[in-house]
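Structure first, commentary second.
Quick note on labels: first sequence line is chain A, next is B, and so on, each numbered from 1.
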Amino acid sequence: MDSDWLNYSLDLVSGNGCTLSVEQRVVLQTSLVILKKNYNFHRVLLWGKIVGLKEDYFIAQGRGEDEMKDKKNLYSFNCLDWFLLPSVTDSMIEEVSTTAKGHFIGDPSYLYERQKQGEGVEVPEQEATAKVTEENRLAVTVHRIDEEASVVPRGAFIRSPHGLVQMNRSFCGLSRSEAGKLDNFLHFSVSKNLKRKSYQEMADLNPAFDFMDPLSEDIPKGLWNLQFECASKVCVMRSRLWLGLTFYHLPMTPQHGYIYIGDGTKNLDIPFML
Amino acid sequence: MDAQRDRGRQAAAAFKTLMLRSSSDSDLNLYDHLTRLLVQVMDERPHNVVDVIEDLSLDVKRRAYKGEQSPARLCPQTEAAGLMAEAQRRLFMAPEAAEREEEESALPNVSETGFYLEQAGVGLGREEMQRIFLALKQLVESQALQRCRLWGKIMGTESNYIVAEVEYREGEEEEEGNNEEAAEDGETEDETRYSDQNEMDPLPKSTYKPPPEVPKEAAGTGANKFVYFVCNEPGLPWLKLPSVSPAQINVARQVHKFFTGRLDAPVVSYPPFPGNEANYLRAQIARISAGTHVSPMGFYHITEEEGDEEEEIPLDRCEVNPDFEGLPVAEMVESLSAWVHHTQHILQQGRCTWVNMAIKPQDESNDEEEAEEDEEEPDEPEPEVGPPLLTPLSQDTEIFNIPPWTSKMSSTLISEHAIAVLRSNIWPGASAYACGKTFENIYIGWGLKYSGEGYSPPVPPLPQREYPDGPEVVESLDPTLEEELALEEALEEQQAAEEEEDTDEEEEEDDD
């Protein structure tokens with residue numbers, strides 16, 4: 001959610017009950033501007049809030065030249081002092097997925113531990129315990145949510161011939177009937193399915209817009225909940241895989257954005273719930 | 001020479017008519033197109049014309065195309081936004097009758113609630129809360145209500161539910177006859193099936209009787225204390241939810257499904273849910289209310305009714321305490337014992353008051369004593385007891401190693417006027433706030449309980465045991481020929497032996 005439209009867009013996504021208090025909004029407006037200046041970001045977004053048992057983390061994301069690759073995530077407790085989250089590596093993702101479970105606590109130095117099991121007959125000399133700090137878990141969670149659940153409307157971002165992904169300044173919004181279809185919304189992450197498409201399907205695609213996967217190809221169907229809210233003016237989409245992620249778009253305007261306010265856990269029960 | 005020129009001119013004329021022939025697909029012809037193209041080239045004189053001539057040709061074609069407006073544009077599209085706006089317009093119309101009732105209106109002050117909730121970081125946004133406020137006003141005006149409260153919002157896949165908790169004025173409530181009628185229809189169907197088969201030999205009727213259903217609680221008590229109305233969007237009509245039965249609550253405890261947003265949708269689940277989505281919604285509302293409705297300690301106090309036996313009727317009535325002073329916010333945030341539950345806990349049975357299902361219904365003429373003697377009393381099931389009303393939250397059990405509630409202050413910068421906020425970790429989406437003498441509970445969420453690491457559905461019951469194999473059931477083998485012959489021989493020998501004995505006895509008798 002772009003920090004420039006924070007006030008206005010927070011009202012649009014509050015359908016699932018999560019808003020920010022006036023005090024928090026005011027503090028955010030000031031601190032995000034300072035953040036943008038300090039880190040020299042092109043754009044600063046309020047990514048969302050991860051709710052923990054004791055404290056909540058506010059997450060902001062700064063975007064650089066390439067919107068997809070130059071991302072930096074920062075967290076804060078009071079919306080004023082921001083700390084940079086470490087960048088995520090594959091080994092970190094694996095460690096966190098196996099070790100950290102349950103709710104976030106609210107303390108970035110909290111250690112999640114897991115005993116690694118010894119293999120076979122050999123008696124392990126050292127009992128290896130995998131340890132993961134909550135800060136790393138936070139970084140990995142934000143990264144995974146971005147990978148799996150960030151949404152943009154088709155045409156909002158273009159890929160220049162150099163490979164840079166940038167905002168499309170002549171995007172004037174999807175029409176209302178287009179906004180009702182899931183295949184006009186794309187995952188904002190590196191495409192996984194594009195290479196598997198047949199040539200006939202690829203002929204219809206525009207390489208400047210369609211370098212990301214559309215939501216309609218997600219398996220299982222039913223991961224996304226598309227509704228028109230606020231007196232049917234705003235197209236709001238909620239993810240059921242990551243409960244708490246809300247995407248909004250006003251048809252026929254270039255306004256769109258997403259925010260995650262939730263407990264940071266993937267909803268693995270979704271096959272039972274649909 | 002002339003003949004050649006004539007032939008040449010003829011060929012040229014023929015070719016020109018060919019070029020002037022308009023295409024069947026578009027109204028263009030080659031002659032006009034080439035003319036326009038060359039005129040454009042003459043005007044513009046682009047660099048390296050021959051390389052870009054195809055693009056120029058396409059450009060010319062595009063310009064020549066006259067788009068006809070399709071007649072479909074003429075009919076106005078009925079947009080959903082337009083329909084919703086029409087429905088919501090009714091919310092804003094001022095009431096015609098200017099009569100002002102002097103009684104207190106049942107309408108809650110949703111604006112005030114919304115203001116506090118916004119400070120707590122919970123809420124639906126100001127405009128939406130205002131629309132809901134007006135929709136509640138419509139509800140209050142259309143029904144004779146004593147009390148009305150915004151319970152919250154439950155989200156679904158196709159649309160959401162806005163839920164209002166309502167208490168009727170005494171004597172105004174309608175009885176529900178619908179459920180009973182449905183049950184009777186089911187029985188008559190079975191009877192007709194059996195009567196068809198009477199023409200042939202009647203099939204044996206099964207003597208299986210399902211265990212009796214635990215009866216619903218009466219309206220106004222326990223889980224059915226309040227009546228709930230839902231609507232999909234403010235402006236759309238409010239629909240009443242049926243009262244909840246213990247069987248529905250028990251199945252809802254085992255099932256983990258999203259709501260769709262349509263009240264008549266079936267709930268496909270294992271174990272099969274007895275009812276449709278309206279019943280499932282009502283059951284979840286009952287569970288959430290029982291688990292998460294809290295108030296500051298002292299706001300309610302238990303009224304002592306005279307003449308009640310101590311053991312029988314549990315205290316399920318609590319009233320607003322007029323002497324409540326309000327607790328300081330810091331204390332409410334720090335200790336969970338400053339908050340208490342003011343709704344009854346739902347027992348394992350699915351009700352708030354326990355019913356002994358082992359007692360069979362009595363006939364009219366029997367005295368109580370006779371009935372007790374006649375019955376073979378099975379082991380008396382132990383009555384289930386839940387925590388009494390107004391237990392503090394500090395006694396809530398932890399589930400999955402997480403504390404059941406998280407409490408915060410709404411603002412750390414201005415703590416003089418902050419409010420205490422309580423958030424449930426077990427029913428994500430349930431929150432409560434308290435500030436001085438006011439407090440409120442609200443639920444905004446998906447309607448599902450936190451299920452820990454993963455939800456595992458209940459397994460189907462074990463297959464029934466078959467009749468044990470014993471010699472009386474097993475088919476015995478027919479005796480083989482040798483065995484039969486051997487048996488015959490044995491029998492003959494026996495007969496011969498008996499005859500000898502008889503003859504011996506006769507001889508003996510003769511002797512005597």
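A/N225 contributes atom CG, which lies 8.0 Å from atom CZ of B/F258 (distance to the nearest 0.5 angstrom).
Among B/I444, B/T157, B/V122, B/L117, the residue with the largest count of heavy-atom pairs under 4.5 Å with chain A is B/T157. For chain B, the option among A/V51, A/L268, A/L10, A/D263 with the highest count of heavy-atom pairs below 4.5 Å is A/V51. Ranked by non-hydrogen atom pairs under 4.5 Å with chain B, the options A/L20, A/D56, A/I261 are led by A/D56.
Heavy atoms closer than 4.5 Å to chain A are found in both the backbone and the side chain of B/R126. Residue contact with chain A, scored on non-hydrogen atoms closer than 4.5 Å, involves the side chain of B/L448 exclusively. Only the side chain of B/Y450 comes within less than 4.5 Å of a heavy atom in chain A; its backbone stays farther off. Heavy-atom distances place the side chain of B/W446, and not its backbone, under 4.5 Å from chain A.
Contact record, A/L53 with B/T406: O-CG2, 2.9 Å, taken as the closest heavy-atom pair. When all heavy atoms of A/K54 and B/K408 are compared, the pair lying nearest together is O-NZ, 4.2 Å. Shown here for B/E233 and A/F228, the closest heavy-atom pair between the two residues is OE2-O, 3.9 Å.
Between the side chain of A/S21 and the backbone N or O of B/E118 there is no donor-acceptor pair closer than 3.5 Å.
Within the 4.5 Å cutoff, side-chain heavy atoms of A/D11 are placed close to those of B/E127.
By the salt bridge (charged side-chain N to carboxylate O under 4.0 Å, His left out) test, B/E158 is found to be paired with B/R262, residues two or more places apart in sequence or in another chain being considered.
For a heavy-atom cut-off of 4.5 Å, chain B lies close to A/R240, A/L243 in residues 240-255 of chain A.
Salt bridge annotation for A/D269-B/K257: absent, with no cationic side-chain nitrogen under 4.0 angstrom from a carboxylate oxygen.
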